[in-house]
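The next block holds one structure in the form of structure tokens; read it before the comments.
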Amino acid sequence: METTEGLDSQRQAELESALEKILKVIDTVSITTEEFKIIEKKIGENFSEKKKKEEKKEEDKDTEILEKKKLKRSNIVDLDGIKKLKSEIKKSAQVALFANESGIVFITDKGSRYVSLNPSALITTEITLDALKPLFQLDTPYVVYGYKKLLKSGIDPKNIKCDIFIGNYLLTNHTKEEFEDLVMDRDGEILKTQSEILKERSIKKMNLEEMHEFLEARAKFLYRSGDKFLEELKADKLKKIYNIEMDLVKVLYKMEEEGILIDLDYFKEYQAELAVKLDEIIPQIKAEVKKGVEHNLNMMELTEGEIRESLLQLGKLNYKKKSEYTVYEQKIEEADLEELLNNQLVFNIASPKQLGIVLFQLMKLSKVKKESVGVEVLEVLRDRDGEMIAENILEYRKLAKLQSTYVEALPKLIDENSRLHTTFNQTGTATGRLSSSNPNLQNIPVKTPEGIKIRQGFVAKDGYKLLAIDYSQIELRVLAEISKDETLILAYEQDKDLHDLTARKLFSLSEDEEVSREKRSLAKIVNFSIIYGKTAFGLSSELKISLGEAKEYISRYFSQYPGVKALETKIIEEAKHDGFVRTLYDRKRTIDGINSSNKNIVKQAERMAVNSVIQGTAADILKIVMVELNKKLEGREDIKMNLQVHDELIFEVKEEKIKEYAKLIKNIMETTVKLDHVKLKANVAMGYNWSEAK
DNA sequence: CGGTCACGC
DNA sequence: GCGTGACCG
């Protein structure tokens, strides 16, 4: 039971509970270690024998089905049949392909062909992907679902006619669509979904026929849908953005494969550092709780009974098992006050519920918002009441977040070369942005000094440096471009600091007056609110000002940038009329709720509409530029593109070439996409790690 | 498995 | 506004 590798948690739990039962029985007999070993051996033998029998049965079943139904044997391609399939594909006007780990179904003009990649599935010769390579080098157009996924599993058709995965995303803008939903949506054909099948038999145990059926149904859908999708894309002005997305697939694939190097030793060190800091904070927090409780006792604001009651509540949350809780209950009832405060004050700081009990029942802090212990509440307790514990809890949360989300998680995901390979999801956002997961490398901390330390762990390999180039205020420039607001355009023409300018506008400062740091940062927040379509309410709570003041800032902003106001009105009108909005490159986003009878929903939809156009256009630009960069840099070993973080691209570049490449890439980023009214500007940074490259 | 929180742009 | 992920109950 020590070794748990390779077992998922559910299976592990099952095994553990089984073992528990076994041990209980053994307990009643009281046996020696020697005897136990014998039993162990016996169990092992029986177990493996039983398993063998089961497997044999499965095989027999497969054979039976194969024999009985003479399962379209001609459709199953074996090693000898690959040549035949090749010529069939060659003659075919198009091919559709659907694959998973177990097999591939090809649909040609002649019909369905199944290649099993699952060695246990009764195919005499195991077919490797290598053997299939000739099939993918043909000119015949392939209709596929998820080209990047195919690339990842080693399938790379030369001529992709249509990727339904991408096409569907652009047409419907659905981000979490399952293939099954898509088919039912389009055809009304009810497929047995993967999850339904899994309920009956695990995918590994799916027999040949079931697997064939499963893959074939999907491939057939692709076969009949390719042309339809392409027509729809064209009819909906989405062909241009579709081509960009299709070109991008391979770029993303290469970036994922390349990965980014992390310094494992550094992470280990930082992990230890964080652990020490957390270890220091925890006792501090507990000491403050103890102090608070003692104070309350002395002031007769808290009774011993109340303390015991609160501790029991905590115990209920801490000890899930009844038996453990009963022991704890006993302890709490019997222990004296000294013991309670010194040893039984156990709670989980990360649990809002437990923290609530501690802060408001035991320490009797004044409630700000019920028993909520969110950031705002803790900040009030810290700033208004001077509660040290609030500051410490905030600090604890920050460190715990860094530790669990980054410092502990990232090293677990490296390959044998210490490189991290994220997955860029191309269909994961409503606006057209990419998202990144496993790990998410688009949310690596950057704001706080502690967070920046994480970036230091992202490094370049020997002889190389990281090159990070980001667009300067791309969304505001996009806003200037599509609003054609004269003030904004002029500001960028003169290369002015836009947050500075907005501060001057909001506070009616003259040219020669200095803009204070506070005013600039306030203006910056207001600028972002406009891009994000933030409400006056949101702005007021972020700036900690009154709703009236926030409204005042927003209305001043609009009067100073009338073009922006006009643009928002125009976008909202379009959304109301069409039910969708488009980016500069015609990417669509459907806006649900824009014509709702609920005022709040309408307001939210309006903000969505405005934000989508700006955010989406910026996303389009990045994608276009990434494709262009890939063309220029393809095949070069002295530079690789590693990451995209919405408005920033990160490369690993040979040290002696870095200045040359910095210049080249900056230029490509600034000139590939030409806007009519503003120039795009990119900032270059470089260094041995990601925090230096800033 | 949904809610809360925290990280990014 | 748009994301991913950790943690809790």
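- A cation-pi contact, defined as under 6.0 Å to the ring centre and within 45° of the axis, is absent between A:K148 and A:Y253.
- Counting only residues at least two apart or on different chains, the ring-ring contact (aromatic ring centres under 6.0 Å, His included) pairs with a member in residues 439-458 of chain A are A:F458-A:W690.
- Boundaries of the chain A contact region on DNA chain C are C:dG1 to C:dG9, first to last in 5' to 3' order (nucleotide atom under 4.0 Å from a heavy atom).
- A:E648 comes within 4.0 angstrom of no nucleic acid atom, judged by non-hydrogen atoms across all strands.
- For the pair A:R382 and A:E387, the salt-bridge criterion is not met [side-chain N within less than 4.0 Å of a carboxylate O].
- Among residues two or more places apart in sequence or in another chain, the side chain to side chain contact (heavy atoms under 4.5 Å, CB included) test is passed with A:Q604 by A:R607, A:M608.
- The minimum heavy-atom distance between A:S435 and A:G428, with the atom names listed, is OG-CA, 4.3 Å.
- Listed in residue order, the members of residues 563-584 of chain A having a heavy atom less than 4.0 Å from DNA chain C come to none.
- Salt-bridge annotation for A:E606 and A:K576: present, with a side-chain N of the basic residue lying under 4.0 Å from a carboxylate O of the acidic one.
- Nearest-nucleotide mapping onto DNA chain C: of A:A350 and A:S612, the residue sitting toward the 5' end is A:S612.
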Return all side-chain donor-acceptor pairs below 3.5 angstrom for residues 309-318 of chain A, not counting sequence neighbours, or 'none' if the list is empty.
from   : atom 1 : to     : atom 2 : distance (Å)
A:S310 : OG     : A:E306 : O      : 3.2
A:S310 : OG     : A:Q361 : OE1    : 2.9
A:Q313 : OE1    : A:Q361 : NE2    : 3.3
A:N318 : OD1    : A:Q354 : NE2    : 3.2
A:N318 : ND2    : A:V346 : O      : 3.2

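- Within 4.0 Å of A:F528, counting heavy atoms only, lies no atom of the nucleic acid at all.
- Of the residues in residues 436-446 of chain A, those with a non-hydrogen atom less than 4.0 angstrom from any atom of DNA chain B are A:Q442, A:N443, A:I444, A:P445, A:V446.
- A:G451 comes within 4.0 angstrom of nothing in the nucleic acid, heavy atoms only.
- With sequence neighbours excluded, no residue satisfies salt bridge (Lys or Arg N to Asp or Glu O under 4.0 Å) with A:R455.
- Within the structure, the ring-ring contact (aromatic ring centres under 6.0 Å, His included) test picks out no pair touching residues 600-629 of chain A (sequence neighbours left out).
- Every residue meeting the salt bridge (Lys or Arg N to Asp or Glu O under 4.0 Å) condition with A:K453, not counting sequence neighbours, appears here in chain and number order: A:E273.
- Within the structure, every pair that satisfies the salt bridge (Lys or Arg N to Asp or Glu O under 4.0 Å) test and touches residues 617-627 of chain A, not counting sequence neighbours, is listed here: A:E245-A:K623, A:R587-A:D620.
- Contacts of A:N348 with the nucleic acid, taken as non-hydrogen atoms under 4.0 Å apart, involve only primed sugar atoms and P, OP1 or OP2.
- Among the protein residues, A:R607 comes within range of the sugar-phosphate backbone only, with heavy atoms under 4.0 Å from sugar or phosphate atoms but none that close to a base.
- Counting only residues at least two apart or in different chains, salt bridge (Lys or Arg N to Asp or Glu O under 4.0 Å) contacts with residues 426-445 of chain A comprise A:R433-A:E475.
- Along DNA chain B, read 5' to 3', the first and last nucleotides having any atom under 4.0 Å from a heavy atom of chain A are B:dC5 to B:dC9.
- For the pair A:K152 and A:E256, the salt-bridge criterion is met [side-chain N within less than 4.0 Å of a carboxylate O].
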